[in-house]
There are 2 protein chains.
Amino acid sequence: MLSLHQLTCFLATYEHGSLTRAAEELGYAQPSVSEQIRLLERSLGVQLFRRVGRGVVPTTVADSFRPHAERVLASVQEAERAVASVRSFETGTIRFGMFGTARLYAGAGLVADVLERHPGVRVELIGQNSRDVHEDLRRGRLEAAMIAVPGLSSEGMTITPVARDELVYVSAHPDRLHAPLTPRRLADASLVMAETTWRATDSTRMVLRQMLHEVGRNPITRIEVEDVETAVELVGRGLADTVINKGAASQLLPRLAPEAGWVSLRPRQYDTIAIVHRAGATLSPAARLMIELATARIQAIAEPV
Amino acid sequence: MLSLHQLTCFLATYEHGSLTRAAEELGYAQPSVSEQIRLLERSLGVQLFRRVGRGVVPTTVADSFRPHAERVLASVQEAERAVASVRSFETGTIRFGMFGTARLYAGAGLVADVLERHPGVRVELIGQNSRDVHEDLRRGRLEAAMIAVPGLSSEGMTITPVARDELVYVSAHPDRLHAPLTPRRLADASLVMAETTWRATDSTRMVLRQMLHEVGRNPITRIEVEDVETAVELVGRGLADTVINKGAASQLLPRLAPEAGWVSLRPRQYDTIAIVHRAGATLSPAARLMIELATARIQAIAEPV
DNA sequence: CGGATCCATAGGTGCAACCTATGGATCAGA
DNA sequence: TCTGATCCATAGGTTGCACCTATGGATCCG
């Protein structure tokens with residue numbers, strides 16, 4: 001089998017016209033280079049040098065072979081350089097998980113943070129929903145993520161809370177916003193909730209369920225939609241109210257429901273935002289970078305813990 | 001140090017998402033592939049796969065690295081293919097030595113013979129003069145050659161005569177051509193001889209010297225020029241006569257000296273044409289090809305031995 | 001012809017690539 | 001929840017290769 005080492009020896013020998021000089025340059029003993037050349041000739045099935053008294057002379061086959069050998073070694077160097085540049089964040093892709101609504105109000109800023117520091121990289125923010133992200137983490141497709149808890153079983157995962165984001169009641173009817181929303185009034189409200197596909201595991205719903213169960217009621221939603229934008233738009237039209245993160249509300253309301261406002265719940269309720277990754281994993285520099293930036297960004301909006 | 005084997009293992013693992021599958025495909029045991037991947041990761045200083053329960057998952061670094069690894073292996077294959085095609089005379093360069101005048105009347109035909117059989121190759125016919133060729137052979141720059149003997153010391157060389165080519169007297173004066181040229185009349189002739197730089201070792205002159213010494217005369221030339229064409233052209237203008245190979249005469253006279261004719265010497269004299277290469281050398285297929293074709297070509301013109 | 005230079009060979013050492021066997025973790029299905 | 005299957009990591013042992021030094025033979029130069 002042909003090896004890179006053989007090619008290196010070949011080129012050094014070709015350039016110097018001498019096994020001894022090649023060995024000097026490469027820092028080996030002369031018989032070692034001699035052996036490599038012989039192995040290379042044997043594996044190619046051709047003679048590359050004529051041994052002629054003092055020195056060696058390349059054959060025409062060697063002339064033809066040389067540019068190819070150079071190309072191979074050049075592409076190896078290129079490969080190493082590429083990895084080095086990925087390692088120092090000059091290029092390459094950084095992939096990070098982020099649950100749906102957080103991405104809405106911190107994602108763009110996070111991407112901007114990364115690109116400002118490392119202009120050459122690609123960034124992938126993965127995940128519409130916490131459960132997606134969680135699955136990607138379990139499968140190894142994602143190394144780390146920012147995620148809303150509680151929500152999913154966290155066995156085998158290390159969870160580090162970084163902030164909590166208050167849940168607020170959003171309505172286009174000002175009379176419903178004059179005071180914090182009690183569980184009783186929440187139970188009577190006509191709600192539109194987002195992320196219907198994930199309703200069983202959505203962290204916001206879990207918080208609401210908990211709150212209502214304490215007063216003996218079950219949550220009922222009037223409208224179910226997939227994305228938060230649609231929900232907010234429906235609120236804006238006065239068709240229903242909703243409960244979402246305060247961060248999402250401040251981001252979406254001016255644009256999609258300018259007539260609407262929001263008010264806290266009573267008692268105040270929170271989504272906990274955390275960094276999550278597989279337990280026992282050593283995080284890559286890229287993942288640590290994303291965690292640091294995402295934490296800073298989220299803590300500027302939500303309440304640090 | 002990064003190795004080709006590591007790259008092969010990396011690509012197989014990347015494609016299958018499994019060390020076990022990769023090992024199966026490559027015909028190794030699973031721990032062997034595992035070790036190669038670990039070595040590759042260590043030499044690159046990055047993690048290429050996340051070990052996640054069942055199977056392994058490539059990191060984004062692996063995504064970036066993969067095309068480079070593929071390029072390296074592709075260029076290795078390309079290099080091997082190139083050598084194979086040289087070996088089977090599909091491409092590459094064939095270099096062969098040939099002394100001056102023989103090249104004049106057999107060189108083009110020889111090149112044509114090679115190209116007809118192997119259209120892709122480059123052909124180099126090296127050497128203006130026997131001594132050049134001989135030196136190239138000694139230095140190893142040439143593997144084999146067709147050469148005129150006697151001429152030079154042949155120590156360390158294997159010489160195989162293939163033909164003899166008669167020397168003829170060429171003149172534009174018909175009255176000088178009515179009978180074979182005796183040594184006495186040769187001594188009185190006004191001669192132009194070619195290859196003046198090599199006059200001491202030129203085989204034709206050595207033959208003439210021998211011939212004249214037998215009748216107690218020394219050769220004197222009136223004009224010395226470098227190339228045979230010039231000599232023949234001077235003969236055509238009637239300014240002098242010359243002695244050259246019959247083959248060269250038949251090739252050059254119609255074109256350069258249509259008025260001139262030739263006649264044998266008495267006794268007839270010959271240049272011996274031989275294949276010469278370093279003693280003890282194993283000849284490459286390319287050299288054997290050239291020897292075979294050159295021999296056939298020269299024997300069609302000169303007299304086989 | 002003697003010294004210098006260069007490649008090939010011989011013989012020995014150490015590392016690395018490979019194997020088998022086995023343990024631990026995960027996943028699918030009963 | 002447990003069991004079997006699957007997959008990777010580790011341990012331990014063997015072989016082969018890459019490397020070394022020492023030396024011989026050939027060539028070149030003075």
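No experiment lies behind these values; they were computed from the predicted model shown. In what follows, chains carry the letters A, B, and so on, assigned in the order in which the sequence lines appear, proteins first and then strands, with residues in each chain numbered from 1. Atom set for the values below is all heavy atoms of this structure, side chains included, hydrogens, waters and symmetry mates excluded.
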Rounded off to whole Å, could you give me the [atom1]-to-[atom2] distance for the [X] and [N] pair?
X	N	atom1	atom2	result
B:Glu24	C:dC18	CD	C1'	17 Å
A:Leu2	D:dA18	CG	P	12 Å
B:Arg139	D:dA26	CZ	C1'	15 Å
B:Leu26	C:dA17	CG	P	15 Å
A:Ile37	D:dC19	CD1	P	12 Å
A:Tyr28	D:dT21	OH	P	14 Å

What's touching nucleotides 12-17 of chain D from the protein side, N or O pairs under 3.5 Å?
none

Compare side-chain N and O positions of B:His5 against OP1 and OP2 of C:dA16 and report whether any pair is under 4.0 Å apart. no
Distance below 4.0 Å between A:Ser32 side-chain N/O and D:dA18 OP1 or OP2: no
Does A:His68 have any ring-ring contact (aromatic ring centres under 6.0 Å, His included) partners at least two apart in sequence or in another chain, and if so, which? none
Mind checking ring-ring contact (aromatic ring centres under 6.0 Å, His included) for B:Phe96 and listing every partner two or more places apart, or none if nothing turns up? none
Which residues share a side-chain contact (heavy atoms from CB on, under 4.5 Å) with [X], sequence neighbours left out:
X	answer
A:Arg278	A:Met157, A:Ala281, B:Val52
A:Arg288	A:Leu283, A:Pro285
B:Arg87	A:Val46
A:Val86	A:Thr91, B:Val61, B:Ser64

Given salt bridge (charged side-chain N to carboxylate O under 4.0 Å, His left out), test A:Glu41 with A:Arg38 step by step and report yes or no. CA-CA 5 Å; A:Glu41 286 178 329; A:Arg38 213 170 326 116; over 6 Å; no
Classify the nucleic acid contact of B:Gly27 as base, sugar-phosphate or nothing, counting any heavy atom under 4.0 Å across all strands shown.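 The answer is sugar-phosphate, as B:Gly27 gets under 4.0 Å only of primed atoms, P, OP1 or OP2.
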Between B:Arg278 and A:Cys9, who's closer to the 5' end of DNA chain D by nearest nucleotide?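 Looking at the nearest nucleotide for each, A:Cys9 comes out on the 5' side.
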For A:Arg122, what residues pass the side chain to side chain donor-acceptor pair (under 3.5 Å) criterion, not counting sequence neighbours?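 So A:Arg122 forms a side chain to side chain donor-acceptor pair (under 3.5 Å) with A:Thr93, A:Glu124.
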Residue list, side chain to side chain donor-acceptor pair (under 3.5 Å) with B:Ser284, at least two apart or on another chain: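 B:Ser284: side chain to side chain donor-acceptor pair (under 3.5 Å) contacts with B:Glu143.
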Distance-only check: which donor-acceptor pairs under 3.5 Å involve side-chain atoms of residues 24-31 of chain B, not counting sequence neighbours?
unit_1: B:Glu25; atom_1: OE1; unit_2: B:His16; atom_2: ND1; d: 3.4
unit_1: B:Glu25; atom_1: OE1; unit_2: B:His16; atom_2: NE2; d: 3.2
unit_1: B:Tyr28; atom_1: OH; unit_2: B:His5; atom_2: NE2; d: 3.4

Please check if the number of heavy atoms outside B:Arg51 that lie under 6.0 Å from its CZ is greater than 12.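 Counting neighbours around CZ of B:Arg51, more than 12 heavy atoms of other residues, nucleotides or ligands fall under 6.0 Å, so yes.
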Need the bend value for the helix from C:dC1-D:dG30 to C:dA30-D:dT1: angle between end axes, 5 pairs each end, nearest 10°.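 Comparing the first five pairs with the last five, the axes sit 30° apart.
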Would you tabulate the nitrogen or oxygen pairs shorter than 3.5 Å linking the protein to nucleotides 6-9 of chain C?
unit_1: C:dC6; atom_1: OP1; unit_2: A:Arg21; atom_2: NH2; d: 3.2
unit_1: C:dC7; atom_1: OP1; unit_2: A:Leu19; atom_2: N; d: 2.6
unit_1: C:dC7; atom_1: OP2; unit_2: A:Thr20; atom_2: N; d: 2.7
unit_1: C:dC7; atom_1: OP2; unit_2: A:Thr20; atom_2: OG1; d: 2.2
unit_1: C:dA8; atom_1: OP1; unit_2: A:Arg51; atom_2: NE; d: 2.5
unit_1: C:dA8; atom_1: OP2; unit_2: A:Ser34; atom_2: OG; d: 2.6
unit_1: C:dA8; atom_1: N7; unit_2: A:Gln30; atom_2: NE2; d: 3.2
unit_1: C:dA8; atom_1: N6; unit_2: A:Gln30; atom_2: OE1; d: 3.3

